[in-house]
Amino acid sequence: MREEVQGILLRAVERVVREVDAGQLDQLPTLQLGSPKLPEHGDFASNAALGLAGPLRIPPREVAERIVRAIEDPEGLLDRVEIAGPGFVNFFLAQTRWHEVLTRVLRDAEQYGRSNAGGGEPTLVEFVSANPTGPLTIGHGRNAILGDCIARLLEATGSKVTREYYFNNAGRQMRILAESLRARYLQTLGESADLPEEGYQGSYLVETARDLVGEQSDSLRDAEWPVFQQAAEKAIFANIRSTLDRLGIRFDVFFNENSLYEGGLVEQALEDLRSAERVYEQDGAVWLRSTDAGFERDRVLVKSSGEPTYLLPDIAYHREKLRRGFQRLVDVLGADHLEQFPYVRAATAHLGFDADRIEAVYYQWVNLRRGSEVVKMSTRSGSFVTVDEVLDEVDVDVFRYFMVDRRADTHLDFDLALAHERSERNPVYKIQYAHARLCSIERLATERGATFPPPEEVPAQRLSLPEEIELIKSVGRFPEVVLRAARTREPYDVARYLLDLATEFHTYISDGRRHRVLADDPELQAARLALVRGIRIVLANGLGLLRIQAPERM
RNA sequence: GCGCUCGUAGCUCAGUUGGAUAGAGCACCAGGCUUCGAACCUGGGGGUCGCACGUUCGAGUCGUGCCGGGCGCGCCA
């Protein structure tokens, strides 16, 4: 619909430019066709006249008049075109065009909103990627939901998505974890043992230790730490996977950082950077020459001790992902990666890949509150709130919605007190309730013997009230919303849209006198039932994109 | 000290990438269930869009400088 109006506008503008300026105006300002907030400003609005006024040296309103005169609309798409304000050109579509939109919604049904814009592009979405040192915290929860929703959005718009979890089960952190478990194990056996300095104090290790005693009794009393590492890792990973399960998230690949070392890929990445002359040695360390690429400073890749920093395997990993054939990499990262990631991207590009194919979605920290009290989180000190704990108290749907109820780049205040109380204030209920209400109307209609004609035979022209046309317009925007949310990697946009649509429906249906669906007039009833079904389809599809239930009854 | 990010109603946040009269939820006040679901709806009060310059037909949105919160950084994973 938008494209068609855009075409009409473009042709009109070209005609005006040609007649005024004999064609030397080679660069037309890009034409935007906005959706005005106020209905009296039409269905689409163009500011083309304001943009052209300067270059053409004609007052904006006169340009607008010329554009309107030059408009050709052989197919009768438009009802009328008006000039308003400083020179906006407002397009009013013929009502029958909106009726066709409803027909399309009904015809496409569960496919409505999906597209093939991505053209089957192999895309890897990497998210969560928590190391197995403890249960998933609420911060990981935000990552998990964001990543999963982004993956779903990309799938819905035609990308071929792989979900990947990257983790590291080596190094100092795991050693400390193992020592911590050993201490808990000995404690469980009744011996005195202290947690190591900086040990993991979370109670989850106590439980793991208890299980270990149950399985192995005291046979591990003198075991070396790797035994405990294995046990800890196994237990924690099982826990993480069960949490992901509760969230409804499934990964295609769990990628272990170790395999990069084992396959020599880290070494190879360093060598290749060396041959590309992107590194140098100084003070016994190997540095990435990043100031050349516009960065503030160079970064260390290999410390003077010979150990690589985090940066190097990260570079090797991203290169490997591209080598595996993915055309696009999307990483979901916490704000603590804001500084690091650009180097990964730049360095991977130095190895011969297009940096534009590598992108990160950053999300800001989750601030935990219990009422007005702020809860500080740290996995090591054991003061954190896990996803599991929250899921014990609140519905998964609420949790998922909560996590996308704010833009990723703003801090998210998660109030546990609010989450623990049954939280009827949560907007997700409003959306689900709208869906249940719509189902209920259709159910009742069926009970009363109403029939649903095929989409093409719906007497949609009977929907003539302004609020009904507005509802169809809202439903008609859905594919654009999905596409935009997928492109900006912002599931929030979908959540927001659904809430607006639900509210619009509630308002409509609350006025039972004017908007009675089941009425004596069978034609009007059929038309309104079609509208009801159209809204229901969109709410269900939208909730599906966020992997939130669309209940038929509540 | 440097970088990134945010600052909009009492609180939590939107604001369609520079458009027309800045919106919603919560909270507060006043209303609405004999008819398709009141987990909903209607109305009301509440704003120096952090501050100041600048860019232009037009700025909450872009630029610069301050102020304030968050995150990160000076061979630590």
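Both backbone and side-chain heavy atoms feed into the values below; hydrogens, waters and symmetry mates do not. Naming convention: chains lettered A, B, ... in sequence-line order (proteins, then strands); numbering from 1 in each chain.
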When the distance from [atom1] of [X] to [atom2] of [N] is rounded to whole Å, what number comes out?
X	N	atom1	atom2	result
Tyr310(A)	C73(B)	OH	P	12 Å
Asp405(A)	C13(B)	CG	P	10 Å
Asp298(A)	G74(B)	CG	P	13 Å
Leu38(A)	A22(B)	CG	P	11 Å
Phe88(A)	G19(B)	CZ	P	9 Å
Phe402(A)	C26(B)	CZ	C1'	12 Å
Tyr429(A)	C26(B)	OH	P	15 Å
Arg299(A)	G3(B)	CZ	C1'	11 Å

Q: Cation-pi check, Arg142(A) to Tyr363(A): give yes when NZ or CZ is under 6.0 Å from the six-membered ring centre and within 45° of the ring axis, no otherwise.
A: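 No, cation not above the ring by the 6.0 Å, 45° rule.
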With a 6.0 Å cut-off on ring centres, are [X] and [Y] close enough?
X	Y	value
Phe255(A)	Tyr165(A)	no
Phe92(A)	Phe44(A)	no
Tyr166(A)	Tyr317(A)	yes

Q | Contacting residues from residues 498-507 of chain A, given that a heavy atom lies under 4.0 angstrom of RNA chain B | A |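 Heavy-atom contacts with RNA chain B come from Thr503(A), His506(A), Thr507(A).
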**Q.** Other residues, nucleotides, ligands: >12 heavy atoms within 6.0 Å of Arg487(A) CZ
**A.**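 Not buried by this count: 12 neighbours or fewer within 6.0 Å.
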Sequence neighbours left out, what passes side chain to side chain contact (heavy atoms under 4.5 Å, CB included) with [X]? Give chain and number order.
X	answer
Ala436(A)	Met554(A)
Asp336(A)	Trp365(A)
Arg345(A)	Phe341(A), Ala355(A), Ile358(A)
Arg553(A)	Arg443(A)

So which nucleotide from [options] ends up closest to the side chain of [X]?
X	options	value
Lys37(A)	U21(B), G19(B), U16(B)	U16(B)
Arg407(A)	G15(B), A20(B), C75(B)	G15(B)
Val300(A)	C75(B), G19(B), A20(B)	C75(B)
Arg484(A)	U17(B), A20(B), A14(B)	U17(B)
Trp287(A)	G19(B), C75(B), C71(B)	C75(B)

Searching all strands shown, indicate the nucleotide that pairs with [N] (Watson-Crick or G-U wobble; both distances under 3.5 Å).
N	value
U34(B)	none
A20(B)	none
C62(B)	G54(B)
C49(B)	none
C26(B)	G10(B)
G3(B)	C71(B)

Taking [M] as the reference, what is the distance to [N] when you measure between their [atom1] atoms (whole Å, please)?
N	M	atom1	answer
G43(B)	C6(B)	P	34 Å
G65(B)	A22(B)	P	30 Å
C29(B)	A38(B)	P	24 Å

Q | Any N/O donor-acceptor pair, Asn47(A) side-chain to G19(B) base, under 3.5 Å | A |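 Answer is yes: a donor-acceptor pair is held.
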When you compare the protein's N or O atoms with those of nucleotides 4-12 of chain B, which come within less than 3.5 Å of each other, and at what distance?
from   : atom 1 : to        : atom 2 : distance (Å)
U12(B) : O2'    : Arg406(A) : NH2    : 2.7

Q: Determine if the base of U17(B) is syn or anti; take syn to mean the glycosidic torsion is within 90° of 0.
A: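 Here the answer is syn: the torsion falls within 90° of 0.
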Under the ring-ring contact (aromatic ring centres under 6.0 Å, His included) test, residues paired with [X] that sit two or more places apart:
X	answer
His506(A)	Tyr433(A)
Phe127(A)	Phe251(A)
Tyr401(A)	none

With a non-hydrogen cut-off below 4.0 angstrom, is [X] in contact with a base, only sugar-phosphate, or nothing?
X	value
Ala84(A)	base
Asp493(A)	nothing
Tyr492(A)	sugar-phosphate
Asn131(A)	nothing
Ala434(A)	nothing

Q | 5' precedence on RNA chain B between Asp336(A) and Asn90(A) (nearest-nucleotide basis) | A |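 On the 5' side of the pair lies Asn90(A).
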Q: Starting from the 5' end of RNA chain B, give me the residue, Ser35(A) or Ser304(A), whose nearest nucleotide shows up first.
A: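 In this pair, the answer is Ser35(A).
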Q | Nucleotide-resolved protein contact map, nucleotides 32-37 of chain B, B/S/- at heavy-atom distance under 4.0 Å | A | ---SBB
(Q) Can you list everything that forms a salt bridge (Lys or Arg N to Asp or Glu O under 4.0 Å) with Arg437(A)? Sequence neighbours excluded, please. (A)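 Residues passing salt bridge (Lys or Arg N to Asp or Glu O under 4.0 Å) with Arg437(A): none at all.
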(Q) Tell me every residue that passes side chain to side chain donor-acceptor pair (under 3.5 Å) with Glu552(A), counting only those two or more places apart in sequence or in another chain. (A)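 Glu552(A) satisfies side chain to side chain donor-acceptor pair (under 3.5 Å) with no residue once adjacent residues are dropped.
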